[in-house]
Amino acid sequence: MLNSTALPHRVAWLVVGVLVSLVVPAARAATSADLQASSISGPASGAALVGDPMPVTASIRNGGQTSSAAFQVEFELVPSTPGRALVLGLVQEAGLAKFVTRTITPSFTVPVTAAAGSYTVSMSIDPSRLVTDSSRANNIRSATTATTVSTPTNFPDLSSASVTAAASAVLGGQLGFTAGVANTGPVTSPAFTVDFGLALTTTASAFNVLGSRASLGVAAGSTGSVSGSFAVTSGVSPGIYYAAIWLDPANGVRETNETNNLRISSQPTRISSAPLPDLAVTALSASVSTTVGGHLLVDVSVSNTGQATAVPCRIDIGLAASSNAATFQLLGSRTSTGLAPSTTFTLSAESLALTSAFPPGIYFVAARVDALGTVVESDESNNLRIAAAPTQLTPPPSIDLVSLSASGPSTATITSTIAVTGTVRNAGTLPGPAFDALFVLTTDVTFTTVFNLGTVHRNGLPAGSPATSVGGSFTVTSGVPPGSYKIGLVVDPSKLIAEGDESNNQVTSGATVALSLPPLPDLVPSGVTGPTTAVAGGAISV
């Protein structure tokens, strides 16, 4: 049987027919029917519209010596440019007596898949080769005049805007659907029907129809809706499906585009053979702030919104980076009780330890019920919940000595004594013990090259203390080369005090100190006198 074949394929059939005719014994040829495609023509106007009826006129003849059995005639639209032929339909014909010619005038609907363009109407007699035929070479014929196919423009265009269904249903139970219907055409559509059902995949081209609903006409450029609830029939097996609709399945509404009437939801619907539970985290909140190393107080409510009792399961609780995160870092787990339908399990002020794995920052508490997937549910997509309000983790109580500033003279000489000062504070939440403050000369703010000036001892500072002065006078040792230096200040240089932050213990002056060599002595003789005469070998006074 021909099925959407292109014209070159028919040429191959012609060759096969010729070869077959060459090997048929002469006796058989003399006693067989010979079905012949005598002529064929398309619509008299030479034009057709997609979705419209298209009349065809064809003559078929039996040129053989005997009558033929009943046979079929297949009609196609063959594109003038290379492409796949479109089947118009099959016509069943009664047998033909020998030497009889029959004219047939079938009418076919131009397929909605036909693109606008030029086509040739073609026919093939007995495409399945069920009739004894003395020659197959004359069973195919194409019209000599092309038919121009056009796409209608002044009609409605119904399109499936959306479709949703419940996340689960039970065999024999009801499944509710809601569909959006748009008319993007230039005129209002008449009333039409909508088929609702379940597809196996999101890309399926057909689906299991559960029922239909009538929809009123939709005005041009507007969107309407249609909904319905249908029994999930025994013809559906338990599993995952996708809600589907087909607008105007009987093609009762003539449209500019018939290819956009199907829509399949991207959201799955689980069909089960028995009622299932459905666990969901229905409420979640936590402390607005706490400290790292402390405890977080969490309130969690888990409800069973399904139709069957859920067995006990694990609830994971943790912290997420945002309110719409898909994952979170685990703090701890708890176990729910078994939940009957429409009951709730609640954890109130549940205390969870915050380890150092969670640095200070902003988090969102998260909870996932049935974290191990041990409960078969009607909907697995609602097991995770993240609190809308953030929780702030602050550093644990600590001492935090901070070097704020350092300063000294603008010039100095090696081996001289200079006065330096600085300011420090305790920014921590705990009081600090006494500490040392080291003053240095450094070549840069990163303390690449450092020459110690000296250390001062300072009493402890209370928590959150304001800026406090430290300072002293120190001799620049002779080992320091001349150059430009900054005054540096380092608190607790030996790191004897445990602090919450050790990165802010040193600071440098903004200005530099120009360090030079000290002045050298310069002995110059003056006022020398002596006698005017002297004897060789004698003594003189000067």
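Computed over heavy atoms, backbone and side chain alike; hydrogens, waters and symmetry mates excluded. Values in this document were obtained by computation on a predicted structure and should not be read as measured data.
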Whether the side chain of Asn138 engages the backbone of Gln36 through a donor-acceptor N/O pair (distance < 3.5 Å, no angle test) should be reported.
no

Between Pro111 and Leu88, which heavy-atom pair has the shortest distance, and what is it?
CD-CD2, 3.9 Å

Met54 versus Val56: any side-chain heavy-atom pair under 4.5 Å?
yes

Compare every heavy atom of Ser122 with every heavy atom of Val78, then report the nearest pair and how far apart it is.
CG2-CB, 4.0 Å

Do the side chain of Ser168 and the main chain of Asp379 share a donor and acceptor less than 3.5 angstrom apart?
no

Polar contact flag, side-chain donor to acceptor under 3.5 angstrom, Glu255-Asn261:
yes

Are the side chains of Pro341 and Thr309 in contact, using a 4.5 Å heavy-atom criterion?
yes

Taking atom CD1 of Ile362 and atom OG of Ser323, what is their separation to the nearest 0.5 Å?
12.5 Å

Any heavy-atom pair between the side chains of Leu175 and Phe230 that's under 4.5 Å?
no

Side-chain heavy-atom pair Leu158, Phe192 within 4.5 angstrom cut-off
yes

Which label fits Phe358 and Tyr363: parallel for a plane angle under 30°, tilted from 30 to 60°, or perpendicular past 60°?
perpendicular

How long is the span from the OG1 atom in Thr203 to the OH atom in Tyr242, to the nearest 0.5 Å?
9.5 Å

Nearest 0.5 Å, please: how far is OG in Ser398 from CD in Glu502?
9.5 Å

Could you tell me which non-hydrogen atom of Ser378 sits nearest to which non-hydrogen atom of Arg270, and how far apart they are?
O-CB, 3.7 Å

Examine the side chains of Glu74 and Ser124 and answer whether a donor and an acceptor come within less than 3.5 Å of each other.
no

Ignoring hydrogens and angles, state whether a donor on the side chain of Asn183 or Asp157 is under 3.5 Å from an acceptor on the partner side chain.
no

Which residue pairs satisfy the salt bridge (charged side-chain N to carboxylate O under 4.0 Å, His left out) criterion with at least one member in residues 286-307, sequence neighbours excluded?
none

Minimum side-chain heavy-atom gap Val292-Leu354 below 4.5 Å:
no

Nearest heavy atoms of Pro397 and Thr429, plus distance in Å
CA-OG1, 3.0 Å

Could you walk me through whether Tyr241 and Leu200 pass the side chain to side chain contact (heavy atoms under 4.5 Å, CB included) check?
CA-CA 5 Å; Tyr241 295 86; Leu200 291 174; 3.5 Å; yes

Taking Asp400 for the side chain and Glu499 for the main chain, is one N or O donor matched with an acceptor at less than 3.5 Å?
no

Polar side-chain atom of Thr109 near backbone of Asp52 as donor-acceptor pair, under 3.5 Å
no

Flag, side chain of Thr269 to backbone of Ala166, donor-acceptor distance under 3.5 Å
yes

Taking side-chain contact (heavy atoms from CB on, under 4.5 Å) as the criterion, tell me which of Val91, Asn139, Asp133, Ile60 meets it with Phe71.
Ile60

Salt bridge or not for Asp34 and Arg61, using N-O below 4.0 Å?
no

For Ser503 and Asp501, which I'm curious about, is there any donor-acceptor pair between the side chains at under 3.5 Å?
yes

Could you check whether any side-chain heavy atom of Leu284 comes within less than 4.5 Å of a side-chain heavy atom of Val298, counting everything from C-beta outward?
yes

Show me the side-chain donor-acceptor pairs of residues 208-228 shorter than 3.5 Å, one per line, residues at least two apart or across chains.
unit_1: Ser212; atom_1: OG; unit_2: Asp195; atom_2: OD1; d: 2.4
unit_1: Ser222; atom_1: OG; unit_2: Ala219; atom_2: N; d: 3.3
unit_1: Ser222; atom_1: OG; unit_2: Ala219; atom_2: O; d: 2.7

Kindly indicate, with the supporting measurements, whether the criterion side chain to side chain contact (heavy atoms under 4.5 Å, CB included) is fulfilled by Ile315 and Thr335.
CA-CA 6 Å; Ile315 303 171; Thr335 300; over 6 Å; no

Determine yes or no for a side-chain-to-main-chain donor-acceptor pair under 3.5 angstrom, with Ser272 supplying the side chain and Ala274 the backbone.
yes

Counting only N and O atoms by type, is there a donor-acceptor contact under 3.5 Å from the side chain of Ser303 to the main-chain atoms of Ala280?
no

Sidechain-backbone polar pair: Asp248 side chain, Val253 backbone, donor-acceptor under 3.5 Å
yes

Heavy atoms only: give me the nearest Val281-Ala367 pair and the separation to one decimal.
CG2-O, 3.8 Å

Evaluate the side-chain proximity of Ile140 to Met123: yes if any heavy-atom separation is below 4.5 Å, no if none is.
no

Run the side-chain hydrogen bond (donor to acceptor under 3.5 Å, both in side chains) test on Asn304 and Thr343 for me, step by step, so that the C-alpha distance in whole Å, both residues' side-chain angles and the decisive distance to 0.1 Å come before the verdict.
CA-CA 6 Å; Asn304 180 4; Thr343 60; 5.5 Å; no

Rounded at 0.5 Å granularity, tell me how far CG in Leu331 sits from CZ in Arg334.
9.5 Å

Check Asn62 against Ser67 and note the closest heavy-atom contact, atom names and distance.
ND2-CA, 3.8 Å

Please report the C-alpha distance between Leu372 and Asp316 in whole Å, then the side-chain angles of each, then the deciding distance to 0.1 Å, and finally whether the side chain to side chain contact (heavy atoms under 4.5 Å, CB included) criterion is met.
CA-CA 9 Å; Leu372 298 179; Asp316 281 355; 6.0 Å; no

When you measure from the side chain of Arg102 to the backbone N and O of Ala94, does any donor-acceptor pair fall under 3.5 Å?
yes

Approximate separation, where rounding is to 0.5 Å, of Leu171 CG and Ser237 OG:
7.5 Å

Let's go through Thr151 and Asn257 carefully: what are the C-alpha distance in whole Å and the side-chain angles of both, what is the deciding distance for side chain to side chain contact (heavy atoms under 4.5 Å, CB included) to 0.1 Å, and is it a yes or a no?
CA-CA 8 Å; Thr151 302; Asn257 182 9; over 6 Å; no

Determine whether Thr144 and Thr120 make a side-chain contact, defined as any pair of heavy atoms from C-beta on separated by less than 4.5 Å.
no

Ignoring hydrogens and geometry, is there a side-chain-to-backbone donor-acceptor pair from Ser265 to Gln267 under 3.5 Å?
yes

To the nearest 0.5 Å, atom CZ of Arg368 lies from atom OG of Ser333 at 11.5 Å

